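See below for the structure under consideration.
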Amino acid sequence: MTPVTSFAGKTVALFGLGGSGLATALALKEGGARVIACDDNPAKMAEAGAKDIETADLRNIDWSEVSSFILSPGVPLTHPEPHWSAKLAREADVEIIGDIELFCRERAKTAPNAPFIAITGTNGKSTTTALIAHILRQAGHDVQMGGNIGTAILSLELPADNRIHVIECSSFQIDLAPSLAPTIGVHLNLSPDHIDRHGTMELYAAIKERLVAKAGLAVIGVDDPMSRAIADACEAKGVNVARVSVEPLNVKGVFADGETLVSVTGADAVPLANLSGIGSLRGAHNAQNAAAAIAIALALNVPADEIRSGLHTFPGLPHRMEEVGHIGEALFINDSKATNADSTEKALKSFDDIFWILGGKAKEGGIEPLKPYFPKIRKAYLIGAASDEFAKTLGTQVPHVHCGTLDKAVAQAASDAQSLGAHAVVLLSPACASYDQFPNYEVRGNHFRDLVRALPGIEARGA
């Protein structure tokens, strides 16, 4: 745990007692603050109370005593409208911040030179975070990984000069972290997502830019126009920028030439690694992720041979183009983390002869952007609330069937893929949120994995 001592003796209100919220309340209490916590879920309130955290309805407290208000990143700050608790804080002129901000303030107070790597992007941030942490650990560093991936940031060990924090940050977390200034900030890409929470694409991009705007080194993917603009804006303000791309670069950074990753410094372009045969890093999107990881490793003086070793031993992430197993030549891929069309596009680009399982709670735009990849799809299996909408988009271009549930989709896709008699890929890449049938994408992906591993003749991977 990282006790938040910078709020010692102060009264702090908190809303949202999920995993990170509860960890935040405990860290504040451990650091000497008085915490008044609240949640719309009575069970969460009871859980906090059982850990000796003071709870109350924030509508009934004296806000004049509150120095800061901690809001869970899952709770609306601005759009579609501010949560009632955020409105109360604003009316009382109390600052609204989140757990990333608390970490930043504690680091600034206790260990301002502690290495802190923060990663964001619409897609790929979890893979890149995990890959960076893996390479650095393999190279012998003390690494703490968390944030939007896995462990809440305040549940990690204290920042220290010999310890590297590798933290994934969502746009919601960045929006609640005004003093965010990492040693290395990473911004990978931008595409429409969470617009319902940020209002416009321009506001979404502006929030993402904050993560790199005050970084010691800004590693920025430049394969989309808005991210290129962020890189140019940061450089114009004097930020040290390293660009990453899947296209050749003639400025400082790392780019992918096919599966070869090339480092550019000055006039020199040096091939550093090759992704050929690394199943956990297949596809152009993972080449961008690997390029970002290499740029960071080089900045931290990790030797090239140790970078290559880290890439080759990276196990990949659960639910992100995860190889579950195969039956003969039919490969089963769990890409449940693909909750929007842009993320699913990465998977469709990476395979051919696809038996595609998709659907759930649709995002804005549905699967219209994926039409260029329809020729790669042998058949589609529709599940969840988006089935009718997606069927219209697939039209006559892609043979498809309404399965309703994942159980039926896996059974039918497995049968069809095996009957092809050649290499085939059964791909769960829903292009949708999971909330119509599953609590989250992890539960959806775990269910897919269990269904696949129960198939007759399956040779499971990582079982």
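Just so you know, these numbers come straight off a predicted model, no measurement behind them.
- At a cut-off of 3.5 Å, with distance as the only test, a side-chain donor of Glu101 or Ser179 sits close to an acceptor on the other residue.
- Between the side chains of His141 and Asn162, no donor-acceptor pair of N or O atoms lies under 3.5 Å.
- No side-chain donor-acceptor contact under 3.5 Å links Ser350 and Arg282.
- Between Thr344 and Ala431, the shortest heavy-atom contact is OG1-N, 3.2 Å.
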Compile the donor-acceptor pairs under 3.5 Å between side chains in residues 12-19 and protein atoms, sequence neighbours left out, one pair per line.
none

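- The cationic group of Lys371 does not satisfy the cation-pi geometry with Phe374, failing either the under 6.0 Å distance to the six-membered ring centre or the 45° limit from the ring axis.
- At a cut-off of 3.5 Å, with distance as the only test, no side-chain donor of Arg320 or Ser336 sits close to an acceptor on the other residue.
- Lys361 NZ: 12 or fewer foreign heavy atoms inside a 6.0 Å radius.
- A side-chain N or O of Ser126 and one of Lys337 form a donor-acceptor pair less than 3.5 Å apart.
- Defined by atom type and a distance below 3.5 Å, a donor-acceptor pair is present between the side-chain atoms of Ser227 and Asp224.
- Residues Thr5 and Glu106 have side chains that bring a donor and an acceptor to within less than 3.5 angstrom of each other.
- Atom OH of Tyr435 has 12 or fewer heavy atoms from other residues, nucleotides or ligands within 6.0 Å.
- Each of Pro112, Pro115, Pro159 was scored for a side chain to side chain contact (heavy atoms under 4.5 Å, CB included) with Arg107, with one residue passing: Pro159.
- Under a cut-off of 6.0 angstrom, the local environment of CG in Asp57 is crowded, with over 12 non-hydrogen atoms contributed by other residues, nucleotides or ligands.
- Between the side chains of Ser6 and Lys109, no donor-acceptor pair is found at a separation under 3.5 Å.
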Next on the checklist: For a side chain to side chain donor-acceptor pair (under 3.5 Å) check, start with the C-alpha distance between Ser64 and Asp62, then their side-chain angles and the critical distance, and finish with the verdict.
Outcome noted: CA-CA 5 Å; Ser64 67; Asp62 183 356; 2.5 Å; yes
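- Under the 4.0 Å criterion applied to side-chain N and carboxylate O atoms, Arg137 and Asp142 are not assigned as salt-bridge partners.
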